[in-house]
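Chain naming here is simple, since letters A, B, ... match the order of the sequence lines and numbering starts at 1 in each.
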There are 2 protein chains.
Amino acid sequence: MATGRTHRPATRSRGIPEATVARLPLYLRALTALSERSVPTVSSEELAAAAGVNSAKLRKDFSYLGSYGTRGVGYDVEYLVYQISRELGLTQDWPVVIVGIGNLGAALANYGGFASRGFRVAALIDADPAMAGRQVAGIVVQHSDDLEKIISDNGVSIGVITTPPGVAQQVCDRLVAAGVTSILNFAPTVLAVPDGVDVRKVDLSIELQILAFHEQRKAGEEHEGAVAPVAAHRDAGEQGPDGDVPAVMPA
Amino acid sequence: MATGRTHRPATRSRGIPEATVARLPLYLRALTALSERSVPTVSSEELAAAAGVNSAKLRKDFSYLGSYGTRGVGYDVEYLVYQISRELGLTQDWPVVIVGIGNLGAALANYGGFASRGFRVAALIDADPAMAGRQVAGIVVQHSDDLEKIISDNGVSIGVITTPPGVAQQVCDRLVAAGVTSILNFAPTVLAVPDGVDVRKVDLSIELQILAFHEQRKAGEEHEGAVAPVAAHRDAGEQGPDGDVPAVMPA
DNA sequence: ATGTCTTTGTGAACGCGTGCACAAAGATGG
DNA sequence: CCATCTTTGTGCACGCGTTCACAAAGACAT
């Protein structure tokens, strides 16, 4: 039944939407839990509930990977675990370096979920000579002087930055120059990287500030029945250099 | 199955777009740095570069605040710092509890950027009796039996969960029942919460998996010739339930 | 005051992501 | 072999977010 029908061009299958990629790890986690309970198949509705998403969204996400479901039955758990793992590149081993072995860096090195699937802490690097030689999570900390050699020798392409913000950019530059093309940044800094290098940031204070915003709005809605977010009454008298209160937006 | 709504319809009608809210902390950080260097004014172009975003986007973001720029000049740094801080609710103090004082929880407690602006670690809570009484980051760890009282006494509305995934949901339930309405979840679990409670998650392994996906794609594009990644899902022939494809996981 | 120059604020177009609703596909039972 | 039932896969519409491009607004020089 293959011939005659112009199937979906393969060019599309290459481009999985970014939003879908971000959800694949979520599905994979839920599927792994099902697999450990020896559940053979799962419907989109059940899996969606477990992953906390809409079932239509889940089906559409999977449709980008191909047709792996069976109508009337659902998805084969083991098969789907394998497919998603392969799509995410977790069937191979990714050596990772952590730069900056302070409180956070050490915590990440000890983090179980790190080495669980696909990722392996290849090296810990710190700029403090007193740290070099000490063991953290069973791994010897190496000095940052050897950063380039460590990256090269281990074929590292993913780097985790847990340094103070002041040195994050230069650490990043050295990582990139040494061959790292993916960076997970925990330092509260905007990193500038050349084209072709991916950066994802994890920023505690940004997350808290976003929560604070919503929290404030909830508190405001409780007291004031009417919505008066801005321009209710502003006391800019003691703040602005200009000193006067700007008029309310007309439109 | 406890299907609480994990996500809610986002911002209200008159509210600031969620994407904008997520960027405000970024702007605030850049502006604070300028303020410390005593820079009086800044243009949207300069500030956008410092925050790593498009200048048009930045201007539109500020327009939602009722932006107070001066055409031909730019934005007054101090004034903008104040406006954004107020909008984010950082002019008041937010007591925060951290539940789960393991490696990660302790690292967060020691994290400087935590108490820097607006946030204060009101209590550290752990279920291990051996932890109770010990000091972490100068704060005495309290036992989780007293969780409700701690939340209530300190007026805590923001909770940080750094427990193992197995107990995260029940910790979450207790936090919410005690009055917490914003949760920052570091445990690799999907949390179900009632309406009106905000949850943001920080998940190391998800971030790494997303990076791995892009990394794999980069590696694949290099070769370009002998790549057979999905091997073409061309109608899949007889895609039996457990046929040709090895459902093996490198677990 | 007037003209020029700089930069903001925003209308409009576009693309992406989401969710509904339903036809197609396969399982299942008689 | 046919009817029915379940669940997938997806066309479509809608809303949000991003970006372009430009008129409006103010600073500044003459």
Let me know the distance between [atom1] of [X] and [atom2] of [N], rounded to the nearest Å.
X       : N      : atom1 : atom2 : answer
A/Glu46 : D/dT6  : CD    : P     : 14 Å
B/Glu45 : D/dT19 : CD    : C1'   : 13 Å
B/Arg59 : D/dT19 : CZ    : C1'   : 10 Å
A/Leu58 : D/dT8  : CG    : C1'   : 11 Å
A/Ile16 : C/dG17 : CD1   : P     : 12 Å
B/Asp61 : D/dC16 : CG    : C1'   : 13 Å
A/Asp76 : D/dT8  : CG    : P     : 13 Å
B/Leu80 : C/dT7  : CG    : C1'   : 15 Å

For a salt bridge (Lys or Arg N to Asp or Glu O under 4.0 Å) with A/Asp203, tell me which candidate from B/Arg200, B/Arg23, B/Arg29 qualifies. B/Arg29

State which residue, out of A/Tyr27, A/Tyr79, A/Tyr75, fulfils the ring pair (Phe, Tyr, Trp, His ring centres under 6.0 Å) condition with A/Tyr68.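 Per the ring pair (Phe, Tyr, Trp, His ring centres under 6.0 Å) rule, the option paired with A/Tyr68 is A/Tyr79, out of A/Tyr27, A/Tyr79, A/Tyr75.
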
Flag, side chain of A/Ser85 to backbone of A/Val81, donor-acceptor distance under 3.5 Å: yes

Nearest-0.5 Å distance, CG of residue A/Leu104 to CG of residue B/Leu104: 7.0 Å

Report the distance from atom CG of A/Leu175 to atom CD1 of A/Ile161, rounding to the nearest 0.5 Å.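 Going from CG on A/Leu175 over to CD1 on A/Ile161, the span is 5.0 Å.
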
So does [X] get a side-chain nitrogen or oxygen closer than 4.0 Å to the phosphate oxygens (OP1/OP2) of [N]?
X       : N      : value
A/Ser43 : D/dT7  : no
B/Arg23 : D/dT18 : yes
B/Lys57 : D/dT19 : yes
A/Tyr64 : C/dC16 : no
A/Asn54 : C/dC20 : yes
A/Ser44 : D/dT7  : no

Closest to the [X] side chain: [options]?
X       : options                : result
B/Arg71 : C/dA21, D/dA27, D/dA23 : D/dA23
A/Pro17 : C/dA12, C/dG17, C/dA21 : C/dG17
A/Lys60 : C/dA27, C/dG19, D/dA24 : C/dG19
B/Ala19 : D/dT18, D/dT10, C/dG9  : D/dT18

Hey, does B/Tyr75 reach any base, or is it just sugar-phosphate, or nothing, if we go heavy atoms under 4.0 Å? sugar-phosphate

